[in-house]
Amino acid sequence: MSIAKNKFGVDKAGNEVTKYTLKNKNGMEVSFIDLGAVITNIIVPGRDGVFEDIALGYDETAPYEVNKKCFGAPVGRYANRISNAKFVLNGNEYRLDQNDETNCLHGGNFRYNCCMYNTEYGESGEENKIIFSRHSPDGEQGFPGNLDYSVIYVLDDEDGLTIEYNAKCDQDTIINFTNHTYFNLGKGGHKCPDVLNQEVQIEADYYTPVDDILIPTGELKELAGTALDFREFKKLGDGIGKKDAYGNVVTGYDHNFALRTNGKYAVRKAAQFRDNSTGRIMEVLTDQPGMQLYTANDIDMDGCKDGVHYGNFCGACFETQNFPNAINTEGFPNAVLKAGEQFKSMTVYRFKTF
């Protein structure tokens, strides 16, 4: 196990941005920067033993200061969409940024992934750990309460990357953290043109259908017989052009899956993602009720990492989280964090070959 620390760049405010790289005994490496606490690189082997970087991103600081597509980003205070960019809590209405049609998406115009973070790190036995923490003041992004939160990344010798979220607020607030890394397990890793031939399996029987601006209707619909049925491994491209539960044609995935729970939200397997050409497979485990599968449906970007152009379907995100718009939807899982209570959540991305 090792931890390396290197200068990554300087942001527009003059802050030095540092890159931290965790490496385990198998040679797997994961890198992060304290600007946004984002994951910049995940280097894993294929079945042929060739190590490649399977996380999309940038080589320089400036793009991460904007990072509208949230490459590698932890997202909060409330990930995904809130309808009409507002909610009511304890009789008070809170208005947020409308940055996605009339919705608030991933916290609004000011994103957590554009902030500088305090950093702690260390080695302990068979794992390396890095902790990024920050204070979010009352009213930031429009949300109530002073929130102290941390994102903890742990790399173990079983090629697992664990992400832990911890938060506490001095007022009742709403919360929903996720990670927005785009993965590509194909030949060349993040340089592989698309993920359409890569396969996904999801531990879900239902999803939350949405309206024309991607707000859940409040229903749960069965996946069976639809383009969203990933109960068994299926190529991502196989469902494109087919229909959802309402008969709408799916042109790309940006859908929330209601994960099987066995009656409680314990850490359990949520999904698997694999590429048959490289033999790479990624398991996703989480304690969250939902997972948003997003297949980079609207990306057309030059000058990304290694000078690569990223286009449609260049990666897949597995965003473990609460259901979108849960605060405004009766029957969806609780989205309220009570004053003084501790929020904790965990997601694991574990890499293997087959």
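Keep in mind the model is a prediction, meaning the values are calculated, not measured.
When each of R350, K25, K23 is paired with D156, the salt bridge (Lys or Arg N to Asp or Glu O under 4.0 Å) condition holds for R350 and for no other. Remark: of the listed residues F183, Y64, Y310, Y310 is the sole one forming a ring-ring contact (aromatic ring centres under 6.0 Å, His included) with F71. For the pairing with Y149, the ring-ring contact (aromatic ring centres under 6.0 Å, His included) check across Y165, F132, F177 returns one residue only, F177.
Summarising the geometry of C314 relative to N184, their closest heavy-atom pair is O-ND2, 2.9 Å, with the distance given to 0.1 Å. Minimum heavy-atom separation, L155 to L22: CD2-O, 3.5 Å. Nearest heavy-atom pair across D53 and A55 is OD1-N, 3.2 Å. The shortest non-hydrogen separation linking P209 to Y246 is CB-CE1, 3.3 Å. Residues E283 and K352 approach most closely at OE2-NZ, 3.3 Å, considering heavy atoms. I327 and V336 get closest at one heavy-atom pair: CD1-CG2, 3.9 Å.
E219 and T217 share a donor-acceptor pair across their side chains, judged by distance under 3.5 Å alone. In summary, the side chains of N256 and T208 do present a donor paired with an acceptor at a separation below 3.5 Å, with no hydrogens or angles considered. Using modelled atom types, one finds a donor on one side chain and an acceptor on the other under 3.5 Å when comparing T278 with D275. A donor and an acceptor atom, one from each side chain of T181 and Y349, are nowhere located under 3.5 Å apart. For the residue pair N24/E158, the side-chain donor-acceptor check at 3.5 Å is not satisfied. Side-chain atoms of T102 and Q98 include no donor-acceptor pair closer than 3.5 Å. Side-chain atoms of T347 and T286 include a donor-acceptor pair closer than 3.5 Å. Remark: the H309 side chain and the D300 side chain contain an N/O donor-acceptor pair separated by less than 3.5 Å. Judged by distance alone, the side chains of S345 and D287 do bring a donor and an acceptor atom under 3.5 Å apart. In summary, the side chains of H190 and N41 do not present any donor paired with an acceptor at a separation below 3.5 Å, with no hydrogens or angles considered. Using modelled atom types and a 3.5 Å distance limit, the side chains of Q288 and Q321 yield no donor-acceptor pair. In this structure, a donor-acceptor pair under 3.5 Å is present between the side chains of N146 and D170. Inspection of the S136 and R77 side chains reveals an N or O donor paired with an N or O acceptor under 3.5 Å.
A 6.0 Å sphere centred on CZ of F343 holds more than 12 heavy atoms belonging to other residues, nucleotides or ligands. Atom NZ of K234 sits in a crowded spot, with more than 12 heavy atoms from other residues, nucleotides or ligands closer than 6.0 Å. Atom CD of E232 has 12 or fewer heavy atoms from other residues, nucleotides or ligands within 6.0 Å.
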* Take I175 and L147 through the side chain to side chain contact (heavy atoms under 4.5 Å, CB included) test and state the conclusion after the steps. => CA-CA 10 Å; I175 199 164; L147 184 79; 4.3 Å; yes
* Test K242 against V250 for side chain to side chain contact (heavy atoms under 4.5 Å, CB included), laying out the working first. => CA-CA 6 Å; K242 296 183 180 178; V250 172; over 6 Å; no
* **Full working for side chain to side chain contact (heavy atoms under 4.5 Å, CB included) between T320 and V284** => CA-CA 9 Å; T320 55; V284 184; 3.9 Å; yes
* To do: Would you sort out whether I82 and N103 count as a side chain to side chain contact (heavy atoms under 4.5 Å, CB included), showing the intermediate values?
  => CA-CA 6 Å; I82 296 176; N103 310 319; over 6 Å; no
* When you look at S31 and T21, which way does the side chain to side chain donor-acceptor pair (under 3.5 Å) test go after all the steps? -> CA-CA 4 Å; S31 297; T21 299; 2.7 Å; yes
* Check the pair F32 / Y153 against ring-ring contact (aromatic ring centres under 6.0 Å, His included), numbers first and verdict last. => CA-CA 9 Å; F32 320 85; Y153 297 106; 4.4 Å; yes
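Judged by distance alone, with hydrogens and angles left aside, the side-chain atoms of D97 form no donor-acceptor pair with the main-chain N or O of C104 at under 3.5 Å. D211 contributes a side-chain N or O that, together with a main-chain N or O of I213, makes up a donor-acceptor pair within less than 3.5 Å. Proximity of a side-chain donor or acceptor of N80 to a complementary backbone N or O of P324 within less than 3.5 Å is not detected. With hydrogens and angles disregarded, no donor-acceptor distance shorter than 3.5 Å links the side chain of Q141 to the backbone of G108. No donor-acceptor pair under 3.5 Å is formed between the side chain of T329 and the backbone N or O of A326. A donor-acceptor pair is defined here as one N or O able to donate and one able to accept, closer than 3.5 Å; no such pair exists between the side chain of D34 and the backbone of M116. Between the side chain of N118 and the main chain of E120, no donor-acceptor pair closer than 3.5 Å is present. Using a distance-only test at 3.5 Å, with no hydrogens or angles considered, a donor-acceptor pair links the side chain of D194 to the main chain of L196. Put simply, the side chain of D172 gets close to the backbone of A339: a donor and an acceptor are under 3.5 Å apart. With hydrogens and angles disregarded, a donor-acceptor distance shorter than 3.5 Å links the side chain of Q292 to the backbone of D254.
Taking the six-membered ring for Trp and thresholds of 30 and 60 degrees, F273 and F318 have ring planes inclined between 30 and 60 degrees apart. Taking the six-membered ring for Trp and thresholds of 30 and 60 degrees, Y253 and H255 have ring planes more than 60 degrees apart, a perpendicular arrangement. Ring geometry for F87 against Y94 counts as parallel: the plane angle stays under 30°, on a 0 to 90° scale with 60° as the upper cut.
Under a 4.0 Å N-O distance rule, the pair E199/K235 does not qualify as a salt bridge. For the pair E140 and R134, the salt-bridge criterion is met [side-chain N within less than 4.0 Å of a carboxylate O].
In the hydrophobic cluster analysis, where Ile, Leu, Val, Met, Phe, Trp and Tyr join through side-chain heavy atoms closer than 4.5 angstrom, Y207 is grouped apart from I215. Under a hydrophobic clustering in which Ile, Leu, Val, Met, Phe, Trp and Tyr are joined whenever their side-chain heavy atoms come within less than 4.5 Å, directly or via other members, V151 and V154 fall into different clusters. In terms of hydrophobic clustering, with Ile, Leu, Val, Met, Phe, Trp and Tyr side chains grouped at heavy-atom distances under 4.5 Å, I202 and L220 are assigned to different clusters. When hydrophobic clusters are built by joining Ile, Leu, Val, Met, Phe, Trp and Tyr residues whose side-chain heavy atoms come closer than 4.5 Å, directly or via intermediates, V30 is grouped together with Y20. At a threshold of 4.5 Å between side-chain heavy atoms, the hydrophobic network of Ile, Leu, Val, Met, Phe, Trp and Tyr places L236 and Y294 in two separate groups.
How far CG of L293 is from SG of C317: 8.5 Å, rounded to the nearest 0.5 Å. Between atom NE2 of residue H106 and atom SG of residue C70 there is a gap of 5.0 Å, rounded to the nearest 0.5 Å. Separating the OG1 atom in T40 from the CG atom in L56 is a distance of 12.0 Å, to the nearest 0.5 Å. The CD1 atom of I299 lies 8.0 Å from the CG atom of N312; values are rounded to the nearest 0.5 Å.
By the 6.0 Å and 45° rule, R47 stacks over the aromatic ring of F354. Remark: R274 is positioned above the aromatic ring of F233, its terminal NZ or CZ atom under 6.0 angstrom from the ring centre and at most 45 degrees off the axis.
Residues K344 and E164 are not in side-chain contact: their nearest non-hydrogen atoms beyond the backbone lie 4.5 Å or more apart.
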